[in-house]
Amino acid sequence: MDVYNLSTVTQFILIGLSDLPEVRYPLFVAFIIIYQITLLGNGAILLAIVTERKLQTPMYYLLANLSLLDIFCPSATVPKMLKNLLTEDHSISFVGCALQLYFLVALAGTEVFLLAVMAYDRYVAICFPLRYSLIMTKVRSVQLLFGTWAAGFLNSFMHTMTTFSLSFCKSNRVNQYYCDIPPVVALSCSSTFIAELLILLMGSIFGVGAFLITLISYIYIVSTILKIQSVEGKRKAFSTCASHLLVVFLFYGTTIFTYIRPSSSQHSPARDRLISMLYGVITPMLNPIIYSLRNTEVKGALRKVFHRSICHKKHDL
C-alpha cells in the first residue's frame, strides 16, 4: 500500500529480498545460519581477547571493537529481514525506520574510522617498533576508540535528522530490505538538496579522510617492509598486518560494489538488494574467520577457549 498524504505517513514498507515462497524459505535458512556464524565467530574473538592476557594489547582492543561492530551491524537489519521472509507484513514504523537507519549508519561509520585507527596502529608497530609502547598506550587507545565511536554516532545523528526532516508524500515503499539513506531520501516529495549535500560533504570529509589515513598508513608500511633485508623479517612484519589488510580490502570492496557501482541499463533493484548483503551480512561473518585463520595469536587463544570449554563440559558430566 502506498501512502500519498504526508499526515498519514506513520510507517514504511520494506521491499523484501523475494516474495516467492520457494525462494523466501531457503533464504531464511541461509541467512539465519550466516547470522549465527557471525555471532559465534565474533563472540569467540571477544571471549579470546577478554580471557587471554597475552591479547590484552592496543592492537587486540581495536580488534575487539571490530568484533563488537560486526555483531551490532547485522543485528540492526537481519532480525527484521528474517521476520519479513516469514511473514506477509513488511511494515516498519516511522520511528522504527529512523532508529534502524541511525544505528546502521552509526555502526558503519564507526567501522570506517576504526579501520583507519587499526591501520595507524599497524603503521606505528611496523615503522616505529621501539616507540610503539610509548605511542600506543592504553590511554591513547581508549581516546582513539572513544573518538571513532563518537564520530560515527555524531555523523549518523546529522544524517538521520536531515533525512527524516524531509516530507514524505510520494510513496512509503522503501526499495531495500532495511532503512538506508538513499532509498528513504528517494521517497521524499520535498527538496533533498540539503540531505544530498550533507551526504557529499560528510562522505568527502570523514569517509575519504579515513580512507586516506588507511591508504597512506599502508604505503608507509609496505615501504618499510620492503626495506627489511631478511626474508624472515619481511614475513614477520607482513604477518602482523595481513589480517587487517584483508579486512580493509573486504570492507571497502563490498562498500564500493554496493554503493558506488556504475549504473547500467539492466538495473535490477532485486539484484541490488542481494548485492547489499555483501556489505551488511557477509563481511561481518568473514572478518572473524580471516583473523582466526591468519593470526597465530588469535588462533592459539581460540584453541585455549575451546579447550577450556570442552574441559568444563567433561567436568560437569
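- Residues Tyr252 and Val112 have side chains in contact (heavy-atom distance under 4.5 Å, counting atoms from C-beta outward).
- The two residues Thr192 and Ser188 come nearest to each other via the heavy atoms CG2-CB, 3.8 Å.
- Note that the CZ atom of Phe238 and the CG atom of Leu226 stand 10.5 Å from one another [nearest 0.5 Å].
- Taking both residues in full, the closest heavy atoms of Gln56 and Lys138 are given as O-CE, 4.5 Å, listed atom of the first, atom of the second, then distance.
- Annotation for Ala301 and Leu55: closest pair CB-CD1, 3.4 Å, computed over non-hydrogen atoms.
- Aromatic pair His244/Phe251: centroids not less than 6.0 angstrom apart.
- When hydrophobic clusters are built by joining Ile, Leu, Val, Met, Phe, Trp and Tyr residues whose side-chain heavy atoms come closer than 4.5 Å, directly or via intermediates, Leu40 is not grouped with Tyr35.
- No side-chain heavy atom of Cys179 sits less than 4.5 Å from a side-chain heavy atom of Leu99.
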Practice item. Please lay out, stage by stage, how Arg122 and Tyr218 fare under the test side-chain contact (heavy atoms from CB on, under 4.5 Å). Key: CA-CA 8 Å; Arg122 293 300 83 207; Tyr218 271 102; 4.3 Å; yes

Review point. Is there a side-chain contact (heavy atoms from CB on, under 4.5 Å) between Ile13 and Val174 once you walk through the steps?
Key: CA-CA 6 Å; Ile13 305 298; Val174 178; over 6 Å; no

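- When hydrophobic clusters are built by joining Ile, Leu, Val, Met, Phe, Trp and Tyr residues whose side-chain heavy atoms come closer than 4.5 Å, directly or via intermediates, Val248 is grouped together with Ile289.
- Put simply, the side chain of Thr51 gets close to the backbone of Leu47: a donor and an acceptor are under 3.5 Å apart.
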**Study point:** Residues Met59, Thr240; criterion side-chain contact (heavy atoms from CB on, under 4.5 Å); working and verdict
**Key:** CA-CA 10 Å; Met59 172 183 169; Thr240 65; 5.7 Å; no

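- For the pair Asp180 (side chain) and Gln176 (backbone), a donor-acceptor distance under 3.5 Å is absent.
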Point to revise | Ile135 and Tyr120: CA distance, side-chain angles, deciding distance, side-chain contact (heavy atoms from CB on, under 4.5 Å) verdict | key: CA-CA 11 Å; Ile135 297 172; Tyr120 172 74; 3.7 Å; yes

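- The shortest distance between side-chain heavy atoms of Ile71 and Thr38 does not fall below 4.5 Å.
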Review point. What's the verdict on ring-ring contact (aromatic ring centres under 6.0 Å, His included) for Phe72 and Phe103, showing C-alpha distance, side-chain angles and the deciding distance?
Key: CA-CA 9 Å; Phe72 294 154; Phe103 283 108; 9.3 Å; no

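- Here the closest heavy-atom approach between residue Ile49 and residue Tyr60 is recorded as CD1-O, 3.3 Å.
- Ring centroid separation for the pair Phe12 and Phe168 comes in under the 6.0 Å cut-off.
- Both Ile225 and Phe249 belong to a single network of hydrophobic side chains, linked directly or stepwise wherever heavy atoms of I, L, V, M, F, W or Y lie under 4.5 Å apart.
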Practice item. May I have the step-by-step check of salt bridge (Lys or Arg N to Asp or Glu O under 4.0 Å) for Lys304 and Glu297, ending in yes or no? Key: CA-CA 11 Å; Lys304 288 182 181 180; Glu297 291 182 330; over 6 Å; no

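- Looking at heavy atoms from C-beta onward, Phe153 lies in side-chain contact with Leu107 at the 4.5 angstrom threshold.
- One distance of note links CD1 of Ile37 with CD1 of Ile32; it measures 11.5 Å at 0.5 Å rounding.
- A 6.0 Å sphere centred on CZ of Phe28 holds more than 12 heavy atoms belonging to other residues, nucleotides or ligands.
- Each of Lys236, Arg235, Gln229, Lys234 was evaluated against Glu232; a single residue qualifies, Arg235, per the side chain to side chain donor-acceptor pair (under 3.5 Å) test.
- Residues Ala44 and Leu302 share a closest heavy-atom pair of O-CD2, 3.5 Å.
- Atom CD of Glu196 is separated from atom OG1 of Thr163 by 10.0 Å, given to the nearest 0.5 angstrom.
- Checked options Leu104, Leu101, Asn84, Val78; the residue passing with Tyr178 is Leu104 (criterion: side-chain contact (heavy atoms from CB on, under 4.5 Å)).
- Judged purely by atom type and a 3.5 angstrom limit, Thr224 uses its side chain to pair as donor or acceptor with the backbone of Tyr220.
- Summarising the geometry, atom CG belonging to Leu14 is positioned 11.0 Å from atom OH belonging to Tyr177; distances are rounded to the nearest 0.5 Å.
- Side-chain contact between Phe94 and Gln11 is absent, with no heavy atoms from C-beta onward closer than 4.5 Å.
- For the atom pair CZ (Arg173) and OG (Ser91), the distance works out to 11.5 Å, reported to the nearest 0.5 Å.
- Between the Thr148 side chain and the Leu145 main chain, a donor and an acceptor come within less than 3.5 Å of each other.
- Using a 4.5 Å heavy-atom cutoff, the side chains of Val184 and Phe164 are in contact.
- Within the model, atoms NE2 of His90 and CD of Glu88 stand 6.0 Å from one another, a figure rounded to the nearest 0.5 Å.
- Tracing side-chain contacts under 4.5 Å through hydrophobic residues (I, L, V, M, F, W, Y), one reaches Leu62 starting from Phe128; they form part of the same cluster.
- Shown here is Lys83, whose NZ atom has more than 12 heavy atoms of other residues, nucleotides or ligands within 6.0 Å.
- No single ILVMFWY cluster, assembled from side-chain heavy atoms under 4.5 Å apart, contains both Leu250 and Ile213.
- In this structure, Tyr291 and Asn42 have side chains that are not in contact, with every pair of non-hydrogen atoms separated by 4.5 Å or more.
- No donor-acceptor pair closer than 3.5 Å links the side chain of Ser167 to the backbone N or O of Cys189.
- Across every non-hydrogen atom of Gln100 and Thr77, the tightest pair is NE2-CA, 3.9 Å.
- The shortest side-chain heavy-atom distance between Asn172 and Leu187 does not fall under the 4.5 Å cut-off.
- Crowding of Met161 atom CE: a count of heavy atoms from other residues, nucleotides or ligands under 6.0 Å not exceeding 12.
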